[in-house]
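We name chains A, B, ... by the order of the sequence lines, and we start the count at 1 in each one.
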Amino acid sequence: MRLQAPKGTYDVLPLDQPRWHHLFDTTRRVLGRAGYQELTTPILEHAEVFEKAVGDAADLVVQKEMYTFEDRGGRHLTLRPELTAGVLRAFIERGMHTWPSPVKLWSAGPAFRAENVQRGRYRQFHQVNLEIVGSDSALADAEAIALMGDLLAALGLRRTVLKVGSVGDPDDRARYNAYLTQALAPHAEALSPTSRERLRLNPMRVLDSKDAGDQELVATLERPLDFLGEGARAHFGAVTGHLDDWGVAYEIDPAIVRGLDYYRRTAFEVHHQGIGAQSALGGGGRYDGLVRQLGGPDVPGIGWAMGVERLFDALEAEGVTATDRDRPLAFLVAMDEAAVSELAALARALRAEFRIEHAYVRRNPTKGLRDADRSGAIYAVLRGERERDAGVVMVKHLERGDQVEIPLEALADHLRAAARDEPQPSTSLHDAGVRTADRG
RNA sequence: GUGGAUGUAGCUCAGUAGGUUAGAGCACCGGAUUGUGGUUCCGGGGGUCGAGGGUUCAAAUCCCUUCAUCCACCCCA
């Protein structure tokens, strides 16, 4: 197999398209109703956009996992590894701080990370992204979180777990990191090698360790939530208060952790059991200061992103069937040479109103009906010498098997009436491996 | 970057004490059925056995290397 998609990439085949459309349509509907506007930014950005965004962690993560290259003009470009940085670059470049505040945006599209693949992790993957820029109100945090839950519910997911916490203000984090370093230092030998490394580079990530021994040790420690300062504590209380008021189901995670340090105060994640080790469907948090860090005005912001592939995985795990495949109302079959061009022209006219397909060559009834059947059409419309002499077409209902001759000029009216009577034509995605619907 | 499992037809898979032209089901094409589909029956096309090298009279099968896929670690924007 020499010709194949690059590692970690894949094709979205025709039968996969409906669920993609369903996802994006649902996103547009749910977020649009809340006043969010869609923003599409380039997949390619100057590397410095992402390097500035991740800051000190750049050495670790950015260099290793970003697709960065020099173009022919000597520009250093990067395939975006996430959507937020590009959205904020557009916010700054387009002067969106002059727009009615806060600016509420959503985006969706591909992103790229040069990671090793596993379940729920691809090199080209897709995200749905939301940002609220220009508000430091706890209402913004609560709305962002609630909308994430609304979208998950609208997609049909029920077994999601929403975790909300706070990473505090920078001072709080510094105090907690100091505490952690001090508290764990005596036990350094007992920690797993990776946790020892984390203790050195990003102590809070020790809390995330999958090592059982580490977790025993971690359980004895104070948690980030215990170190919140007055401001962060009040903000967190306000956020959870709104969520409670609105009846949003969530758990407080007192040890929620972020890998990058531009996050402050609110942090949240949605997980799903049943999609493998990479159980996070998405997450987000508040990033006051990031816009300024990128070279823009000092405006606060909060946002989240969800992984499209993981959403699909979760939907499959819950047995939620995506929307249906489109099927033609009629498939036209020409049974002699003269009918080929007649029906091609007829198909073009009918397509102003209906979904119509036809064979490109003359077919006998056996082949023609087989073609019609495989197309998934409700009706087969046949025309040959006999029909031409009588000025009619033969219209056959492919499921019932009955057929009737209709004057050629009356076909549109007949199909219009038939379309009203038919239940919405559809084929379940469960038939994905089969070209023709099961007619029992 | 690390580890485990797996790579045979478009798909799902048989086939290893090494032995003629590598098989099945499904799918596809044709015929039975030159004016009536789905079912059935008959036939056909389709394979660098992931790739490269080695051992051997002989390799899908044994050895080495490599690539890919899946899962996990790591990382997580």
query: A:Arg370 side chain N/O closer than 4.0 Å to the phosphate oxygens (OP1, OP2) of B:G30?
result: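 Checking A:Arg370 against B:G30: at least one side-chain N or O falls below 4.0 Å of OP1 or OP2.
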
message: Less than 4.0 angstrom between a side-chain N/O of A:Lys210 and OP1 or OP2 of B:C73, yes or no?
response: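 Affirmative; the distance criterion is met.
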
Within this structure, what is the [atom1]-to-[atom2] distance between [X] and [N], rounded to whole angstrom?
| X | N | atom1 | atom2 | value |
| --- | --- | --- | --- | --- |
| A:Lys396 | B:G37 | NZ | C1' | 7 Å |
| A:Glu337 | B:U34 | CD | C1' | 15 Å |
| A:Asp211 | B:C74 | CG | C1' | 13 Å |
| A:Ile378 | B:G38 | CD1 | C1' | 14 Å |
| A:Glu385 | B:U36 | CD | P | 16 Å |
| A:Glu269 | B:C75 | CD | P | 15 Å |
| A:Leu332 | B:U36 | CG | P | 20 Å |
| A:Ile256 | B:C76 | CD1 | P | 15 Å |

Return the pairing partner of [N] with a 3.5 Å limit on both distances, Watson-Crick or G-U wobble; otherwise return none.
| N | value |
| --- | --- |
| B:G18 | none |
| B:G25 | B:C11 |
| B:U55 | none |
| B:U36 | none |
| B:A60 | none |
| B:G1 | B:C73 |
| B:U6 | B:A68 |
| B:G30 | B:C42 |

When you get a sec, tell me which of [options] is the closest nucleotide to the side chain of [X]?
| X | options | value |
| --- | --- | --- |
| A:Gln118 | B:C74, B:C75, B:G37 | B:C74 |
| A:Arg113 | B:G35, B:G30, B:A77 | B:A77 |
| A:Asp373 | B:G38, B:C73, B:G35 | B:G38 |
| A:Arg205 | B:G35, B:C76, B:A72 | B:C76 |

Any base atoms under 4.0 Å from [X], or only sugar-phosphate, or nothing? Heavy atoms, all strands.
| X | answer |
| --- | --- |
| A:Asp208 | nothing |
| A:Arg258 | sugar-phosphate |
| A:Lys367 | sugar-phosphate |

task: Please say which of A:Leu228, A:Asp169, A:Asp136 ends up in a side-chain contact (heavy atoms from CB on, under 4.5 Å) with A:Arg265.
output: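 That would be A:Asp169.
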
5'-most by nearest nucleotide on RNA chain B - A:Pro6 or A:Arg363: A:Arg363

statement: Note: for A:Ser209 and A:Gly120 on RNA chain B, the residue whose nearest nucleotide lies more 5' is A:Gly120

Non-hydrogen side-chain atoms of [X] and [Y] separated by less than 4.5 Å:
| X | Y | value |
| --- | --- | --- |
| A:Glu309 | A:Asp313 | no |
| A:His46 | A:Arg89 | no |
| A:Leu411 | A:Val395 | yes |
| A:Val30 | A:Tyr36 | no |

Under 4.0 Å between a side-chain nitrogen and a carboxylate oxygen: does that hold for [X] and [Y]?
| X | Y | result |
| --- | --- | --- |
| A:Arg200 | A:Glu197 | yes |
| A:Glu48 | A:Lys52 | yes |
| A:Arg386 | A:Asp389 | no |

When you compare [N] with [M], how far apart are their [atom1] atoms, in angstrom units rounded to a whole number?
| N | M | atom1 | value |
| --- | --- | --- | --- |
| B:C62 | B:A17 | P | 10 Å |
| B:G18 | B:C49 | C1' | 15 Å |
| B:U48 | B:G3 | P | 32 Å |
| B:U40 | B:C57 | C1' | 49 Å |
| B:G19 | B:A60 | P | 9 Å |
| B:G15 | B:G50 | P | 15 Å |
| B:A32 | B:U39 | C1' | 14 Å |
| B:A51 | B:G45 | P | 23 Å |

Close residues, residues 274-297 of chain A, relative to RNA chain B [heavy-atom separation under 4.0 Å]: A:Gly276, A:Ala277, A:Gln278

With A:Arg173 via side-chain hydrogen bond (donor to acceptor under 3.5 Å, both in side chains) - residues at least two apart: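 None.
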
message: Once side-chain hydrogen bond (donor to acceptor under 3.5 Å, both in side chains) is applied, do any residues pair with A:Arg258, and if so which ones, sequence neighbours excluded?
response: A:Glu269

query: So, A:Glu131 and A:Tyr287: side-chain donor and acceptor under 3.5 Å apart, yes or no?
result: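 Short answer, yes.
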
Does any N or O donor sit under 3.5 Å from an N or O acceptor when you compare the side chain of [X] with the base of [N]?
| X | N | answer |
| --- | --- | --- |
| A:Arg198 | B:C75 | no |
| A:Asn116 | B:U2 | yes |
| A:Lys7 | B:U69 | no |

